[in-house]
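Sequence lines set the chain letters: A, B, ... in the order given, protein chains first and strands last, and positions in each chain run from 1. In this text, all values refer to a predicted model and were calculated from it rather than measured experimentally. For the numbers below, each heavy atom of this structure counts, side chains included, while hydrogens, waters and symmetry mates do not.
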There are 2 protein chains.
Amino acid sequence: MTDDDLVFKALADPTRRFLLDLLFQRDGRTLTELESELEMTRFGVMKHLRVLEDAGLVIARRSGREKLHFLNPIPIQLLHDRWIGKYRERYASALANLKNELEDMA
Amino acid sequence: MTDDDLVFKALADPTRRFLLDLLFQRDGRTLTELESELEMTRFGVMKHLRVLEDAGLVIARRSGREKLHFLNPIPIQLLHDRWIGKYRERYASALANLKNELEDMA
DNA sequence: AGGATACGTGACCGTTTGGTCACATGTCAA
DNA sequence: TTGACATGTGACCAAACGGTCACGTATCCT
């Protein structure tokens, strides 16, 4: 499985995107803290965090008996650079074409 | 299921991303034409195209006995605007912070 | 020391997903 | 009009996924 695929798959679940949002608001939270924001058992949240870690979207650091979770925006940046960007360019050129057609009609 | 979720889920499969790439190269292809590029039966490809259509990433038009498929970059643009963009900003500011720290060390 | 706290593992289970197939419908062209 | 072609439907199956639970380990605090 390629890196991009891990990231795309990780982003495919709404609970995981919500976790990213939580960490976006405030970093360095523990598992129990994140769990308290979700209607789900600790184990479910743990599994999701695992997927996010494997994709590199979350980086965790042990501190005593706690595990602190941090957001890593770099995979999303890379995804954008080598995949999403080109489709946005097409969107832009599509808009430009439409603009030209409208002007030709006038 | 929200629109964003449909798009994320559609993008989560490598075969579907490959189909988008094919349509990005050249639009308006028929199902059989797309099938010939994949190691998969026609039915598998049909299912994937269905998912892409439901997410709005592909728009199809019937022409006689053929069905022509077109790429629609707008959902990706929207996804970027209201989701991916903010994580890229954090990436940018993280880079800026790193730069500052390096300069302070000098 | 010992109880409370925070996290981890493996098994388990229902649902979704990716893929195939038999069969059916609509369309073109001689 | 008949045969070849292009797409569609529903059933089916194995694998992956989302989620829970019983149990276990490490750490803190008094």
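For DNA chain C, the contact window with chain B, defined by any atom under 4.0 Å from a protein heavy atom, covers C:dG18 to C:dC28 in 5' to 3' order.
Rounded to an integer number of Å, the gap from CG of A:L68 to P of D:dT27 is 14 Å.
Side-chain heavy atoms closer than 4.5 Å link hydrophobic residues (I, L, V, M, F, W, Y) into clusters, and following such links, possibly through other members, connects B:L34 to B:L57. Both A:I76 and A:W83 sit in one connected hydrophobic cluster of ILVMFWY residues. Membership requires side-chain heavy atoms under 4.5 Å apart, directly or through other members.
The stretch residues 12-23 of chain A comes close to DNA chain D through A:D13, A:R16, each having a heavy atom under 4.0 Å from the strand. Near DNA chain C, meaning a heavy atom under 4.0 Å away, the residues from residues 45-53 of chain B are B:K47, B:H48. Residues of residues 59-67 of chain A that place a heavy atom closer than 4.0 Å to DNA chain D, in numerical order, are A:G64, A:R65. For DNA chain C, none of the residues of residues 29-36 of chain B falls under the heavy-atom distance limit of 4.0 Å.
Residue B:F70 belongs to a hydrophobic cluster whose other members are B:L68, with links defined by side-chain heavy atoms closer than 4.5 Å.
B:R62 pairs by the salt bridge (charged side-chain N to carboxylate O under 4.0 Å, His left out) definition with nothing, not counting sequence neighbours. Residues meeting the side chain to side chain donor-acceptor pair (under 3.5 Å) test with A:K47, sequence neighbours left out: none.
Across the helix from C:dA1-D:dT30 to C:dA30-D:dT1, the helix axis at one end is tilted relative to the axis at the other end by 30° (nearest 10 degrees, each axis from five pairs).
Position along DNA chain C of the nearest nucleotide to B:M40 versus A:F43 favours A:F43 as the more 5'-ward residue.
Rounding to the nearest 0.5 Å gives a distance of 11.0 Å between CG of A:N97 and CG of A:L102. To the nearest 0.5 Å, atoms CG (A:L52) and CD1 (A:I59) are separated by 12.0 Å. Taking CD of A:Q77 as the reference point, atom CG of B:L95 lies at 7.5 Å (rounded to 0.5 Å). Once rounded to the nearest 0.5 Å, the distance linking CG of B:D3 with CG of B:L79 reads 10.5 Å.
For D:dT20, one of the phosphate oxygens OP1 or OP2 lies less than 4.0 angstrom from a side-chain nitrogen or oxygen of A:T41.
The main-chain N or O of B:G56 is found under 3.5 Å from a side-chain atom of B:N72 such that the two form a donor-acceptor pair.
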Determine all donor-acceptor pairs shorter than 3.5 Å in which one atom belongs to a side chain in residues 18-31 of chain B; sequence neighbours excluded.
from, atom 1, to, atom 2, distance (Å)
B:D21, OD1, A:K86, NZ, 2.9
B:D21, OD1, A:Y87, OH, 2.9
B:R26, NH1, B:E33, OE2, 3.0
B:R26, NH2, B:E33, OE2, 3.0
B:D27, OD1, B:L71, N, 2.8
B:R29, NE, B:R26, O, 3.2
B:R29, NH2, B:L22, O, 3.0
B:T30, OG1, B:T32, N, 3.1
B:T30, OG1, B:T32, OG1, 3.2

Taking only distance into account, with no hydrogens and no angle test, what donor-acceptor pairs under 3.5 Å do side-chain atoms of residues 38-46 of chain B form with protein atoms, sequence neighbours excluded?
none

With a 3.5 Å cut-off and sequence neighbours excluded, list the donor-acceptor pairs that the side chains of residues 5-16 of chain B form with protein atoms.
from, atom 1, to, atom 2, distance (Å)
B:D5, OD1, A:R17, NH1, 3.3
B:D5, OD1, A:R17, NH2, 2.8
B:D5, OD2, B:K9, NZ, 3.0
B:D13, OD1, B:T15, N, 2.8
B:D13, OD1, B:T15, OG1, 3.4
B:D13, OD1, B:R16, N, 3.2
B:R16, NE, B:A10, O, 2.8
B:R16, NH1, B:H48, ND1, 3.2
B:R16, NH2, B:K9, O, 3.1

